[in-house]
Amino acid sequence: MPELIPSQRHLFDLPADIAYLNCAYMSPLLKRAAAVGAEAVGRKCQPWRISADDFFTDSERARALFAELLGAGADDIALVPAASYGLAVAAANLRVAPGRRIVVLAEQFPSNVYTWRALAARTGAEVVTIERAADGDWTRALLARLDERVAITAVPHCHWIDGGLLDLAAIGGRCRDVGSALVVDATQSLGALPLDLAAVRPDYLVCPGYKWLLGPYSLGYLYVAPAHQDGRPLEQNWIARAGSEDFARLIDYQDRYQPGARRFDVGERSNFALLPVGIVGLEQLLAWGVDRIAATLAAKTAVIAERAAGLGLRTGPAQLRAGHYLGLRFPGGAPPQLPERLAEQQVYVSVRGASLRVTPHLYNDEADIERLFAVLHAAL
Ligand SMILES: Cc1ncc(COP(=O)(O)O)c(C=O)c1O
């Protein structure tokens, strides 16, 4: 069992009377990231301080840090602005014959559904949705539907609504057996839930930076397996071409790209304002260690789940739920005005229908949990 991490609230700008339990919505920035970001924005007031090297240094640093977090090489990573962009790269490069299947989960996040509906419409493929199993076991439900008809399996590591966990190593193995590509949306897991890349072997994996990577909005990452790195980028940007470091020779047009997955980088990926902010978040996660983060958050959600059970709120079985993620269901529906009551007491969680999504991070302390339960006690 990794050593648990004490509260890191002092590193964040969270007033004592705010209970922010909504990392799955978006994480707060570290105070240091905000300071670095202010400096980075300020540099654009004095553009002579932005050198040609700056077009590459932070991009490569962010790429390398994300790669380290994922257990990949820096060459395997592209910089993308959103999950949808990374998924679009995958959809543009994976081959699907008419009549083949693209498999997604019920109530999957829309960016990871619309992409595949559009591909299916373009190719004559069929999108097949795996329904939520009564026992909450997504892996079993999915494995039962993975056969030779499936061309693409596009799934998360844990379901964004309630943290329902998927065994990606088992799913990856089955995908390879039946000839399906595996596309992973790690938005709600990477940074808080360990992933064994060598065991999962996804074809593509996408992860925006603004949730569990403690980064800014509009800066994310796409892992592209080596077998796909000679693929077709969505756009043709000058910096993705070989030799773009030499600004004096940019019009010696090049057919070759920068190495690895860099060809898939979004245009203007050298985001001088956001990259330094994202880098601070990734450095901090690596310093804490994902194993320790995961163990600490699992301990926090276990306490919340147990207290919630005392109030009659239900969660799925712990072994089928990602440790950092909690979807609490009200058996008789959510109490009236719950969102308003929570907001009044400055308790920030997500209310979705009859369930309450509670996603803490290392900045949450016991006082936050007390504030949440004070509202729930009063409402139930
Ligand atoms: C599972 C999942 N994927 C992706 C996203 C974000 O998608 P995009 O980056 O396309 O806006 C979210 C945001 O809540 C999410 O929960």
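For ligands, and for the atoms within them, numbers begin at 1 and follow the listed sequence. Below, all heavy atoms of this structure are taken into account, side chains as well, without hydrogens, waters or symmetry copies.
When only non-hydrogen protein atoms are considered, atom 14 (O) of ligand 1 lies nearest to Lys211 NZ, 2.8 Å. Counting protein heavy atoms only, atom 16 (O) of ligand 1 is closest to Gln188 NE2, 2.9 Å. In terms of protein heavy atoms, atom 10 (O) of ligand 1 is closest to Ser111 OG, 2.8 Å. In terms of protein heavy atoms, atom 1 (C) of ligand 1 is closest to Asp185 OD2, 3.3 Å. Among protein heavy atoms, atom 9 (O) of ligand 1 sits closest to Ala83 N, 2.7 Å. Here the protein heavy atom with the shortest distance to atom 7 (O) of ligand 1 is Phe109 CE2, 3.3 Å.
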request  = Apply the test salt bridge (charged side-chain N to carboxylate O under 4.0 Å, His left out) to residues Asp54 and Arg49: give CA-CA distance (whole Å), side-chain angles for both, the deciding distance (0.1 Å), then the verdict.
outcome  = CA-CA 9 Å; Asp54 291 332; Arg49 291 170 58 209; over 6 Å; no
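Atom numbering of ligand 1 starts at 1 in the shown order; those under 4.0 Å from a heavy atom of Thr187 are 2 (C), 3 (N), 4 (C), 5 (C), 12 (C), 15 (C). Numbered from 1 in the order shown, with element, the atoms of ligand 1 that lie under 4.0 Å from a heavy atom of Ser84 read 10 (O).
For the pair Arg357 and Tyr325, the NZ or CZ position fails the cation-pi test of under 6.0 Å to the six-membered ring centre and within 45 degrees of the ring normal. Figure legend: cation-pi geometry between Arg307 and Phe373, with NZ or CZ positioned under 6.0 Å from the six-membered ring centre and within 45° of its axis.
In this structure, NE2 in His10 is found 10.0 Å from CG in Leu30, a value given to the nearest 0.5 Å. Note that the CD1 atom of Ile304 and the CG atom of Leu326 stand 6.0 Å from one another [nearest 0.5 Å].
A heavy-atom separation below 4.0 Å is found between Pro208 and ligand 1. Residue contact check for ligand 1: Tyr210 places a non-hydrogen atom closer than 4.0 Å to it.
Looking at Asp53 and Ser51, their side chains never bring a donor and an acceptor atom within 3.5 Å of each other. Side-chain atoms of Glu245 and Gln258 form a donor-acceptor pair, as typed in the model, at a separation below 3.5 Å.
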